[in-house]
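Input: a single structure, listed below in structure tokens.
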Amino acid sequence: MGKLDGKVAIVTGASRGIGAAIVKKLHEEGAAVVACARSIESCEGAAFCQKVDVSNSEQVDACVKATIEKFGKVDILVNNAGITKDGLLMRMSDEDWDQVLDINLRGTFLFTRAVARPMMKNKAADGSQLGGAIVNITSVVGITGNAGQANYTASKGGVIALTKTTAKELGSRNVRCNAVAPGFIESKMTEGLSDEIKKSYMDSIPLKRFGKVDDIAKAVVWLVSDDASYVTGQILSVNGGMI
Ligand code: NAP
């Protein structure tokens with residue numbers, strides 16, 4: 001028996017990296033998972049894949065509608081899609097600011113808004129409130145700030161505030177909302193960083209290893225499961241002790 005038997009989940013940014021690992025783990029725990037990204041053909045463990053740009057409200061609403069048409073409900077949302085467009089603040093273009101905010105922060109808002117009502121309506125056979133669980137993927141640098149990432153850190157700091165507000169607005173209907181703040185995780189997002197930057201990150205990690213995508217996926221599974229049924233509005237750092 002899985003921790004998430006009978007649950008229906010949507011995961012954004014699921015074509016690779018942390019998102020793909022989250023899909024696999026949710027599936028292993030028994031959930032039916034809808035995997036979303038702008039370009040996605042297949043994803044191990046997904047019940048179906050959906051091409052969605054999270055910054056486009058029509059596509060987001062259509063994805064939630066398609067999920068409910070197929071499965072009758074949505075219990076879990078993981079807002080994982082994210083991008084970086086790094087550069088020093090003084091030289092950052094309007095486009096690079098807007099694109100990162102649109103995908104990382106607006107996308108999280110759009111999907112949260114789209115699932116809020118369906119999750120609030122989730123009821124058990126005896127009429128009790130089942131609600132739902134939302135996990136937003138933020139970042140250690142959304143807490144600390146980071147030179148060269150004004151757009152990214154602002155978006156991830158915004159995700160933290162949005163997480164706390166969502167928890168306060170939807171808590172009375174048993175919809176929980178938490179965030180996971182990864183440190184340095186091995187993925188496409190980090191593989192292009194210079195050896196110098198990687199070394200400076202490694203020097204700041206007490207556990208002396210970079211994180212794996214599964215380290216994040218396991219934290220997400222815990223937060224969406226009943227094991228965390230009294231946890232909401234929290235930011236769970238998974239960073240090897242970096243901060
Ligand atoms: P990744 O390997 O670059 O994957 C990003 C995913 O997001 C891809 O599936 C990508 O697919 C999707 N995506 C990007 N823009 C999208 C959009 N507009 N609509 C829908 N999907 C979109 O990155 P990752 O390392 O797995 O990161 C996943 C999350 O963890 C991000 O939010 C990131 O900020 C956060 N994070 C990562 C690290 C790290 O060290 N890796 C640390 C802290 C936080 P498409 O391009 O096909 O759309």
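Counting from 1, the numbers follow the sequence of the chain as shown. Keep in mind that this is a model prediction, so the values were computed, not measured. In listed order, ligands and their atoms are each counted from 1.
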Quiz item: Name the residues with a heavy atom less than 4.0 Å from ligand 1?
Solution: Gly13, Ala14, Ser15, Arg16, Gly17, Ile18, Ala37, Arg38, Ser39, Val52, Asp53, Val54, Asn80, Ala81, Gly82, Ile83, Ile103, Ile137, Thr138, Ser139, Tyr152, Lys156, Pro182, Gly183, Phe184, Ile185, Ser187, Lys188, Met189, Thr190
Quiz item: Are Lys25 and Glu29 close enough for a salt bridge, meaning some N to O gap below 4.0 Å?
Solution: no
Quiz item: Picking from Thr163, Asn178, Thr108, what satisfies side chain to side chain donor-acceptor pair (under 3.5 Å) with Asn136?
Solution: Thr163
Quiz item: Can you find a pair of side-chain heavy atoms, one from Thr112 and one from Leu77, that are under 4.5 Å apart?
Solution: yes
Quiz item: Among Asn79, Thr138, Ile235, which one satisfies side chain to side chain contact (heavy atoms under 4.5 Å, CB included) with Val159?
Solution: Thr138
Practice problem: Verify whether one side chain among Ser55 and Asp102 offers a donor that lies under 3.5 Å from an acceptor in the other. | Solution: no
Exercise. Using the side chain to side chain contact (heavy atoms under 4.5 Å, CB included) rule, pick out the option among Asp215, Asn80, Val135, Ile22 that qualifies with Val180.
Key: Val135
